[in-house]
Visitor: 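Encoded as structure tokens, here's the structure I'll be asking about.
This is a predicted model, so every value here is computed, not measured. Excluded from the calculations below are hydrogen atoms, water molecules and symmetry mates; all remaining heavy atoms, backbone and side chain alike, are included. Note that ligands are numbered from 1 as they come in the structure, with each ligand's atoms numbered from 1 the same way.
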Amino acid sequence: MTWRPESWQSKPAVQQPTYADATTLAAAVEDLRRLPPLVTSWEVDALRRQLAEAEAGQRFVLQGGDCAESFADCRPEIITNRLKVLLQMSLVLVHGMKTRMTRIGRFAGQYAKPRSADLETKNGVTLPAYRGDLVNAPEFTAAARRPDPQRLLEGHMRSAMTINFVRGLIDGGFADLHHPEYWDLAWVQHSPLAAEYQARVDAIGESLRFMERLAGTDLHEFNRIDFHTSHEALVLWYEQAQTRQVPRKSGWYNLSTHFPWIGMRTADLGGAHVEYCRGIVNPVGVKIGPAITQDWLLGLCDALNPANEAGRLVLIHRMGADKIADHLPRLIECVRKADRRVLWISDPMHGNTQTTASGIKTRRFDDILSEVTQAFSIHASCGSRLGGVHLELTGEDVTECLGGARDLLEKDLERAYRSQVDPRLNYEQALELALKMAALRGSG
Ligand code: PEP
Ligand code: CO
């Protein structure tokens with residue numbers, strides 16, 4: 001059967017909203033289909049080339065952002081702070097790993113979430129689950145929880161504003177990024193590794209100043225930096241409507257983002273999400289957890305990368321610090337034996353979620369660090385290579401994950417817990433994780 005952007009509709013589609021009215025849905029999808037795209041095909045092609053280089057060991061991928069963006073957080077200070085922490089982390093990693101970086105934001109479209117149940121019951125009232133701002137609103141009222149197709153358009157609009165602002169910030173340059181002395185590093189003093197962290201940050205500043213002296217001018221590295229977007233390709237009406245053909249190129253591009261990925265709950269081989277993603281030119285990711293079998297994994301490689309091209313398929317493993325050693329070696333071996341080309345990325349967040357005694361969803365900094373550390377060493381000992389990390393983080397001072405230099409405790413979680421869904425590393429924890437990874441992989 002010839003693939004079309006709407007072919008997915010003939011397959012079982014899990015995790016989709018149930019819209020009450022097919023006519024208003026069709027009208028919204030048609031409107032979305034006519035709007036300009038958010039990214040261009042040549043940017044998508046360029047990212048594929050970069051991911052092929054990462055597969056060859058010439059780059060490292062930093063992918064990060066919110067678990068779910070919210071429409072309300074489409075604000076300049078939130079976008080600026082998130083971009084800043086990602087760029088600071090990438091500078092730390094460039095310095096420590098001595099390799100080029102590919103930066104991919106988990107933003108400008110990360111508005112939809114898979115849920116464990118379709119419905120939620122509170123005090124005897126049952127309503128549709130909150131599926132992200134692309135679908136409905138989080139308040140527990142019938143009106144808020146009703147899936148509204150107009151939100152597909154609102155999501156596109158807010159994604160466009162986000163990406164527009166990110167492009168502007170990067171073109172304008174974030175001058176103070178080149179000056180780690182302006183970074184917010186007060187937290188460093190709380191770490192037993194304060195001296196080591198400070199030395200690394202000083203060394204980054206020194207290298208930048210040295211290069212500026214050599215160049216005889218300010219470094220404009222960040223003016224030329226490329227930044228990519230990604231989101232979970234979950235609500236397929238949204239993805240379908242932005243899937244286009246472009247002049248003088250073959251194939252269909254999803255132009256709502258550079259890098260869509262399939263979540264763990266929607267990675268069934270016969271399902272709609274794999275069907276949709278197999279037909280687009282973009283690089284695609286798939287989240288894989290402990291339940292993945294060898295047949296399933298090879299089936300994903302066959303379906304999503306039949307020509308076995310470099311830069312096309314990214315396997316994002318999210319096992320949990322206590323499970324990665326049991327599962328990752330067999331998966332690496334299976335892919336190696338079958339001679340399949342993939343880029344391996346570690347998501348050390350989603351296998352390490354736990355609930356506190358008082359019912360708050362959290363993650364421990366040490367578990368996150370442990371999973372990344374093991375991911376590097378398992379790949380190395382299996383003759384493979386970890387090509388990147390996928391993180392949930394924010395540039396804000398939230399208290400959602402435990403631990404880190406300030407050693408956030410359960411009682412601290414109440415102070416600034418803002419996530420509607422998964423707990424994110426805050427600014428300090430994100431930067432600390434980058435410093436630790438740089439020490440793991442660098443000369444330090
Ligand atoms: C996510 O990335 O927020 C997510 C739901 O991940 P996973 O599909 O790996 O559970
Ligand atoms: Co999440």
Visitor: How wide is the angle at the Co ion (ligand 2) between OD2 in D422 and NE2 in H350, to the nearest 10°?
Guide: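 Roughly 90°, rounded to 10°.
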
Visitor: Give yes or no for whether the N/O distance cutoff of 3.5 Å, strictly under, is met between R265 and ligand 1.
Guide: yes

Visitor: Can you list the atoms of ligand 1 that are under 4.0 Å from a heavy atom of G263?
Guide: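 Result: 8 (O).
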
Visitor: Which option out of K113, Q15, E232, K287 puts a heavy atom nearest to atom 3 (O) of ligand 1?
Guide: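 It is K113 that holds the nearest heavy atom.
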
Visitor: Would you say M349 touches ligand 1, if touching means a heavy atom closer than 4.0 Å?
Guide: no

Visitor: With no hydrogens and no angle check, is any side-chain donor or acceptor of E428 less than 3.5 Å from a backbone partner on G404?
Guide: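 No.
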
Visitor: Specify whether W3 and Y276 have parallel, tilted or perpendicular ring planes, treating 30° as the upper limit for parallel and 60° as the lower limit for perpendicular.
Guide: tilted

Visitor: May I ask you to decide if the ring planes of W8 and W237 are parallel, tilted or perpendicular, using 30° and 60° as cut-offs?
Guide: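 Perpendicular: the ring planes of W8 and W237 meet at over 60°.
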
Visitor: Output the atom name for the N/O/S atom of E392 with the smallest distance to the Co ion (ligand 2).
Guide: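 This turns out to be OE2.
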
Visitor: What protein heavy atom lies closest to atom 8 (O) of ligand 1? Include the residue and the distance to one decimal.
Guide: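 Result: M264 N, 2.8 Å.
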
Visitor: Considering only protein heavy atoms, which is closest to atom 9 (O) of ligand 1, and at what distance to one decimal place?
Guide: R318 NE, 2.7 Å

Visitor: Return yes or no for this condition: an N or O of E392 is under 3.5 Å from an N or O of ligand 1.
Guide: yes

Visitor: Indicate, with yes or no, if the rings of W261 and H231 have centres closer together than 6.0 Å.
Guide: no

Visitor: Any carboxylate oxygen within less than 4.0 angstrom of a Lys/Arg side-chain nitrogen, looking at D118 and R131?
Guide: yes

Visitor: Would you say that M264 contacts H350 through its side chain, given a criterion of any heavy-atom pair below 4.5 Å between the two side chains?
Guide: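 A side-chain contact is absent here, since even the closest heavy-atom pair is not under 4.5 Å.
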
Visitor: Among all protein heavy atoms, pick the one closest to atom 1 (C) of ligand 1 and tell me residue, atom and distance.
Guide: H350 NE2, 2.9 Å

Visitor: Is the W344 ring parallel, tilted or perpendicular to the H317 ring (thresholds 30°, 60°)?
Guide: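 Correct class here is tilted.
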
Visitor: Got I104 and H258 here, is their nearest side-chain heavy-atom distance under 4.5 Å?
Guide: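 In short, these two side chains do not touch, never coming nearer than 4.5 Å.
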
Visitor: With heavy-atom distances below 4.0 Å as the criterion, list the atoms of ligand 1 near R106.
Guide: 1 (C), 2 (O), 3 (O)

Visitor: In terms of atom number and element, which parts of ligand 1 are under 4.0 angstrom from non-hydrogen atoms of C67?
Guide: 3 (O)

